[in-house]
Trainee: 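Got a structure for you, questions after.
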Amino acid sequence: MGMTDFDVANKYSSVVSGILNELHVGAKVAWLGQKHPKNGADKFIYDSIMSGVNNDLVHDFYDLNNDKFDRSFVWDVHSEWDIKGYDLVLGLRVLYLCDSREKLLVNLKNISSNNDRVIFDFMT
């Protein structure tokens, strides 16, 4: 585990919050690698981003440990990503987990082709 740079996290969150605020009311957002917020774990980035969002959006959460809450889905970064029909897909701090460059590129191509907008970072 690394340490969070809070200065970077604040700037990062501000940019993503702004993008979420530009979406139309009711837009669908997929959060890849994000546990459902009601889980109470690993939600620093989510909370930081959402603190700047004043838009009514539909959020779906995809993570290996999601299965208890509405709008949360079990998702494995190492599998084929069958995620379609979103106005925005966020893959924040998740790509470094991928163990195959080839599969990652195929997944990024598919997810980019099947959704309106995608945002991924390549931070480790």
Side-chain angles (χ1 to χ4, degrees):
M1 289 295 263
M3 293 185 55
T4 299
D5 181 327
F6 291 100
D7 290 331
V8 171
N10 286 336
K11 299 269 190 229
Y12 185 87
S13 298
S14 173
V15 169
V16 178
S17 295
I19 293 167
L20 288 168
N21 282 323
E22 292 172 1
L23 295 173
H24 62 85
V25 171
K28 290 180 59 182
V29 180
W31 295 74
L32 304 188
Q34 177 63 54
K35 292 180 181 78
H36 194 286
K38 288 181 182 175
N39 188 332
D42 302 324
K43 55 184 227 136
F44 170 76
I45 292 291
Y46 172 81
D47 285 345
S48 182
I49 290 168
M50 292 306 293
S51 70
V53 175
N54 54 17
N55 199 350
D56 189 19
L57 306 168
V58 176
H59 300 274
D60 288 345
F61 302 92
Y62 291 84
D63 188 76
L64 193 58
N65 297 308
N66 278 348
D67 64 354
K68 297 178 184 175
F69 302 103
D70 190 33
R71 307 211 71 87
S72 68
F73 305 93
V74 175
W75 174 79
D76 184 353
V77 71
H78 304 295
S79 66
E80 182 179 327
W81 303 351
D82 186 26
I83 297 170
K84 301 174 183 170
Y86 285 94
D87 296 293
L88 176 64
V89 176
L90 296 171
L92 308 176
R93 302 187 71 180
V94 70
L95 294 183
Y96 73 95
L97 297 169
C98 297
D99 56 7
S100 165
R101 287 184 302 254
E102 293 80 12
K103 186 179 264 187
L104 171 61
L105 292 174
V106 167
N107 280 332
L108 287 174
K109 180 181 177 187
N110 288 339
I111 212 161
S112 297
S113 299
N114 292 304
N115 297 281
D116 289 342
R117 295 165 130 189
V118 297
I119 297 176
F120 286 89
D121 62 12
F122 288 87
M123 295 182 358
T124 59

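Nothing here was measured: the structure is a model prediction, and the numbers come from that model. If you read the sequence from its start, that first residue is 1, and numbering goes on from there. Atoms considered below: every heavy atom in the structure, side chains included; atoms not considered: hydrogens, waters and symmetry mates.
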Trainee: Any donor and acceptor pair, going by atom type alone, linking the side chain of Asn21 with main-chain N or O of Asn54 inside 3.5 Å?
Mentor: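 Looks like yes, one N/O pair under 3.5 Å.
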Trainee: Going hydrophobic residue to hydrophobic residue with side-chain gaps under 4.5 angstrom, can you get from Val58 over to Val53?
Mentor: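 No, it is not one cluster - the side chains of Val58 and Val53 are not joined through contacts under 4.5 Å.
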Trainee: Mark yes or no for whether Asn55, through its side chain, and Leu57, through its backbone, hold a donor-acceptor pair below 3.5 Å.
Mentor: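 Absent.
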Trainee: Atom CG of Leu92 and atom CD1 of Ile45: how far apart are they, to the nearest 0.5 Å?
Mentor: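 Reported value, rounded in 0.5 Å steps: 7.5 Å.
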Trainee: Hydrophobic clustering (ILVMFWY, side-chain heavy atoms < 4.5 Å, transitive) - are Tyr62 and Val106 grouped together?
Mentor: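 Cluster IDs for Val106 and Tyr62 differ.
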Trainee: Please round to the nearest 0.5 Å and tell me the distance separating atom OG of Ser113 and atom NZ of Lys84.
Mentor: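 Rounded to the nearest 0.5 Å, the OG-NZ separation comes to 11.0 Å.
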Trainee: Below 4.0 angstrom, N of the basic side chain to O of the carboxylate: do Arg71 and Asp60 qualify?
Mentor: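 Result for this pair is yes, salt bridge flagged.
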Trainee: Which atoms form the tightest heavy-atom contact between Trp81 and Ile111, and what is the distance?
Mentor: CE3-CD1, 4.0 Å
Trainee: Not counting sequence neighbours, which residues clear ring-ring contact (aromatic ring centres under 6.0 Å, His included) with Tyr46? List them please.
Mentor: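 Testing Tyr46 for ring-ring contact (aromatic ring centres under 6.0 Å, His included), a comparison that skips the adjacent residues, returns Trp31, Phe61.
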Trainee: Quick one: does Asn115's side chain have a donor or acceptor within less than 3.5 Å of a partner on Leu88's backbone?
Mentor: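 Between the backbone of Leu88 and the side chain of Asn115 there is no qualifying donor-acceptor contact (under 3.5 Å).
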Trainee: Say whether, by atom type as modelled, one donor and one acceptor occur between the side chain of Ser17 and the main chain of Ser13 under 3.5 angstrom.
Mentor: yes
Trainee: For residues 108-118, which residue pairs pass the salt bridge (Lys or Arg N to Asp or Glu O under 4.0 Å) check, not counting sequence neighbours?
Mentor: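 Non-adjacent pairs meeting salt bridge (Lys or Arg N to Asp or Glu O under 4.0 Å): Glu22-Arg117.
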Trainee: Output the distance between atom NE2 (His59) and atom OH (Tyr86), rounded to the nearest 0.5 Å.
Mentor: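 Atom-to-atom, His59:NE2 and Tyr86:OH are 11.5 Å apart.
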Trainee: Say you draw a straight line from CG of Asp87 to CG of Leu20; how long is it, rounded to the nearest 0.5 Å?
Mentor: 11.0 Å
Trainee: If I compare all heavy atoms of Trp75 with all of Gly33, which pair ends up nearest, and what's the gap?
Mentor: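 Taking Trp75 first and Gly33 second, the nearest heavy atoms are CZ3-N, 3.4 Å.
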Trainee: Which of these, Leu32, Val16, Ile49, sits in a side-chain contact (heavy atoms from CB on, under 4.5 Å) with Leu90?
Mentor: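 Exactly one candidate clears the test, Val16.
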Trainee: Using every non-hydrogen atom in the two residues, find where Ser112 and Val118 come nearest and quote the distance to one decimal.
Mentor: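 Residues Ser112 and Val118, closest heavy atoms: OG-CG2, 3.6 Å.
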Trainee: Between Asn66 (side chain) and Gln34 (backbone), is there a donor-acceptor pair under 3.5 Å?
Mentor: yes
Trainee: Looking only at atom types and distance, does a side-chain atom of Asn39 sit under 3.5 Å from a main-chain N or O of Phe69, one as donor and one as acceptor?
Mentor: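 Answer holds: no.
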Trainee: Can you get from Val74 to Val77 by hopping between Ile, Leu, Val, Met, Phe, Trp and Tyr side chains that sit under 4.5 Å apart?
Mentor: no
Trainee: Measure the NZ-CG distance between Lys35 and Leu64 for me, rounded to the nearest 0.5 Å.
Mentor: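 Answer rounded to 0.5 Å: 8.5 Å.
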